[in-house]
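See structure below.
Since we're looking at a predicted model, the values are computed, not measured. Remember, it's 1-based here, ligands and their atoms both numbered in the order they're listed.
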Amino acid sequence: MSWWSYSNYQDSKDDLQREIAHRKKKGETFVAVEAPKGNKLAVKFWGQSWQRHLESYADYESRLPRGRSYLRKGNVYNLNIDKGSVTAQVAGQSLYEVSIGISPLKPAHWQDIQKQCAGQIGSLLDLLGGKVGDSVLKVITDRDQGLFPGPKEIKINCNCLDWADLCKHAAAVLYAIGLRFDAEPELFFKLRGVNYEDLVSQAADAVAQEPAAGNAVVIADDDISAMFGIDMGGALSPEAEAALTGVAAKPEKASKKTAAKRAAKKAAKKAAKPKPKAKAKKVAR
Ligand SMILES: [Zn+2]
């Protein structure tokens, strides 16, 4: 860069800062997306998967890196992720408005993914933390049939003069989205227009629909209590109980009663059999 082009660059940068300061004075907010200091941008599951997915497309591969340095310099402001759309402002030669439309997941596609993941995601925390098994991982990160949008589902708009589909400003915003998913993974699902709870409630439904497993639990619990004469309640950690029963939600009900207590109850019931009398009394009154 020669000295005069450097000074031009400096001028436009100063102009830009003045413009931002001016707009701030008028009440506009400018919140920069903070980029981490290290080499990597996104480091958690949803952010990294988003990033890797986009980098896997040749259309983007050559243009994405220019966005990285923009983001690192703190040039992306006011990132907003909503259903089907992302907006941000990016400081370059001037302040550019970037909007990125992402097609929502088609209902049939979403249902298909739910089916494929049914019963395999332990909790919302696991899902949002990316703690999922290999088969779920395969389903959701599948390049063509997974949850992440392909280039045809991404419509990029920037008011700069770069005619390329993906200018460096939009590339910076795409990376900023990944960073935001690191902090708020639920926004990924919001962007794609689906409710992430659907993936986990499918799991709960699948467990509820297996009465055989449920029965086996109770029998196993009673058997162990009866065989060894121990109180199962509190004898096992909740995790161990869950592993034994396969039902994490209500392991207490079945386990707190010992076989002895049950037997005592039965006996008491037998002894207090003449209940119909009480009924007759009521009728007489
Ligand atoms: Zn642009």
Identify, with sequence neighbours excluded, every residue that meets ring pair (Phe, Tyr, Trp, His ring centres under 6.0 Å) alongside Phe181. Trp50, Phe188
Pairs flagged by salt bridge (charged side-chain N to carboxylate O under 4.0 Å, His left out) wherever residues 88-107 is involved - sequence neighbours left out: Arg23-Glu97
Test your reading of the model: is there a side-chain donor-acceptor pair from Asp182 to the backbone of Lys44, 3.5 Å cut-off? yes
Backbone N/O of Leu128 and side chain of Lys131: donor-acceptor pair under 3.5 Å: no
Mind checking side chain to side chain contact (heavy atoms under 4.5 Å, CB included) for Ser69 and listing every partner two or more places apart, or none if nothing turns up? none
Protein N/O/S count near the Zn ion (ligand 1) (criterion: distance under 2.8 Å): 4
When you measure from the side chain of Arg143 to the backbone of Ser56, do you find a donor-acceptor pair of N or O atoms at a distance under 3.5 Å? yes
